[in-house]
Every structure is written in C-alpha cells, then in structure tokens.
Amino acid sequence: MNLENWKKQLHEKPQIGCFVTFASPAICEWMARLGFDFTLIDNEHGNIDQSVVEDMVRASQAAGVPSIVRVTTNKYDHVQKALDMGANGVQIPMINSMADAREVVRLANFPPVGERGTAYLTRAANYGLYPDKTGYLKLANETKFTGIHIETTEAVNNLDELLSVDEIDMYFIGPGDLSSSMGLAPGHEEVWKVTEDCIRKIRQAGKIAGTFTGDVASTQKVIDWGAHYVVTAINGYVNAGVKQFLEGVRG
Ligand code: 3PY
Ligand code: MG
C-alpha cells in the first residue's frame, strides 16, 4: 500500500480507524492486521509515553496501515515529535478559534508554510537517506495529514471560519467533549443533531469529516451524513464479547 495516497483515499471513500489507547505496538499491529483502514494512537489521554509512540506507528505501517497520532495538546513538542516519528499525520484536540488553528498550521508544516523545526535524521526523514533535503520538506508538508477536533460549542460556532484554513484536512467531532461542553449526556439527541449539521457542513466545504462511534448503527449513520474518517475503539466490543463468554460459561 502506498501510504502517501491515503489522503486521496480519504476523500474518495470512508475509512474506518481504530483508536489504540494502550501503550502497545503489538495491539497496533494486531488492529492493522484485523483490517482497520488506519490506526489512531491516543497520546491525549491514557498512559502512552512518547517513547512507545514511534514503535506503535512503525508497527501499524509495517502491516501496511497508516497511523495517525492524537497528540496531547497543540504544542510544539507534541505535534513536531509525532510527525518526526513518521506518523502519517496528527490529530489535535480542543481547537476552538482561528488563533488555535493558525498555531496548528505553524507547528505541523515546515517553512515556508509553517515553522516546524527541520531535522534530517529522524524516521520521518528516512534517517538522513533523502538526498534532496528541500524536496523532503516539501513532500512532508504535502503528504502529512492534519486533523483538528471540533468538540466545544465555541468550535461549533466558529466552524465556518475554521473550514477556511487550507492546510487542515480533517475536522473531527469529539462526541464526548462536545456533549459535556453542551451540558448534555453523551448520546443526547441534541448532540447528534449538532454532529450531523457539522458533518454535512464539513463535507460541503470539501473537507474530510471525522468522528468517533461505538457500534455498527451509529457508524452507518455518520457515514450517511458524509463522515469519511470514522474511529472506533475495541473496548466496547471486547467488553461485550468477554461478558457474553463469562455469562455463557458461568450461567
Ligand atoms: C471526544 O469524544 O471528545 C473525543 O475526543 C474522541 O472521541
Ligand atoms: Mg475529546
């Protein structure tokens, strides 16, 4: 698989990704082999240390599956490190304003587009093997994927403006944070309505719409609305399967 074509594929058809929330390259590789279209390494929550992230990215890519890192915050060391480790892209939580979005563009892109620090010995730079250093900077800017979270009422209100930022590929509705920002329980119908409106608006703007789902029906629903970057996590499926097994055995 040509990982550089993945951004194009995302525009063409829905891709189903797996949140990997445990510090384990093996789980990343396993989910890639199970058939997910991409892995999303969660470095915002949980206990995944920076030093494990690169091996998780490597494990997924070695199985032919692109790997995105959800970074901790919109900060230089988080965004730059994930990209230097050779992640196919970054997903940045809690982007609410144009000032936040401009900072994302600055951190995720080499000059002249942004101010990402240059380094030619990293995994992303093929350990110094690229003969054309300027070409590497250009290629990295063009092929990496940048996603931002829309997960507060402030971000929803600013969505039109945020969609005008050319260098941002994907807008991810975070249902958990969005519902708490709206003062509602997760899964509340008003949260779904806002999610639908945002997904439709993002698609109409020619951008990739993303969100998180936990079952088949809601995944189909968001795809029908136009989401092409849909992420799930294995916890719900493992919990249900193991419970069913133990109840079956123990009665
Ligand atoms: C959220 O729900 O807030 C997320 O960030 C991911 O699902
Ligand atoms: Mg969130």
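Just so you know, these numbers use all the heavy atoms, side chains as well, and skip hydrogens, waters and symmetry mates. When a ligand or atom number is given, it counts from 1 through the structure's own listing order.
- Looking only at protein N/O/S atoms, the ones less than 2.8 Å from the Mg ion (ligand 2) make 2 in total.
- Judged as a side chain to side chain donor-acceptor pair (under 3.5 Å), and not counting sequence neighbours, the contacts of R123 are Q61.
- Linking ILVMFWY residues whenever their side-chain heavy atoms come closer than 4.5 Å, directly or via other members, places W192 and I223 in the same cluster.
- Ligand 1 lies under 4.0 Å from heavy atoms of R70, H149, E151, F172, G174, P175, G176, D177, F212.
- With hydrogens and angles ignored, the 3.5 Å screen pairs a side-chain donor or acceptor of K7 with a backbone N or O of K144.
- The existence of a salt bridge linking E54 and R58 is confirmed by a sub-4.0 Å separation between a basic side-chain nitrogen and an acidic carboxylate oxygen.
- Salt bridge status for K201 with D197: absent, with no side-chain N to carboxylate O gap under 4.0 Å.
- You'll find the side chain of E167 reaches within 4.5 Å of the side chain of N109, heavy atoms only.
- Judged by distance alone, with hydrogens and angles left aside, the side-chain atoms of N74 form a donor-acceptor pair with the main-chain N or O of D100 at under 3.5 Å.
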List the atom pairs, with distances to 0.1 Å, where a side-chain N or O of residues 15-25 and a protein N or O form a donor-acceptor pair under 3.5 Å, not counting sequence neighbours.
residue, atom, partner, partner atom, Å
Q15, NE2, K13, O, 3.3
S24, OG, A26, N, 3.3
S24, OG, I27, N, 2.9

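- The closest donor-acceptor contact from the side chain of S60 to the backbone of V65 lies under 3.5 Å.
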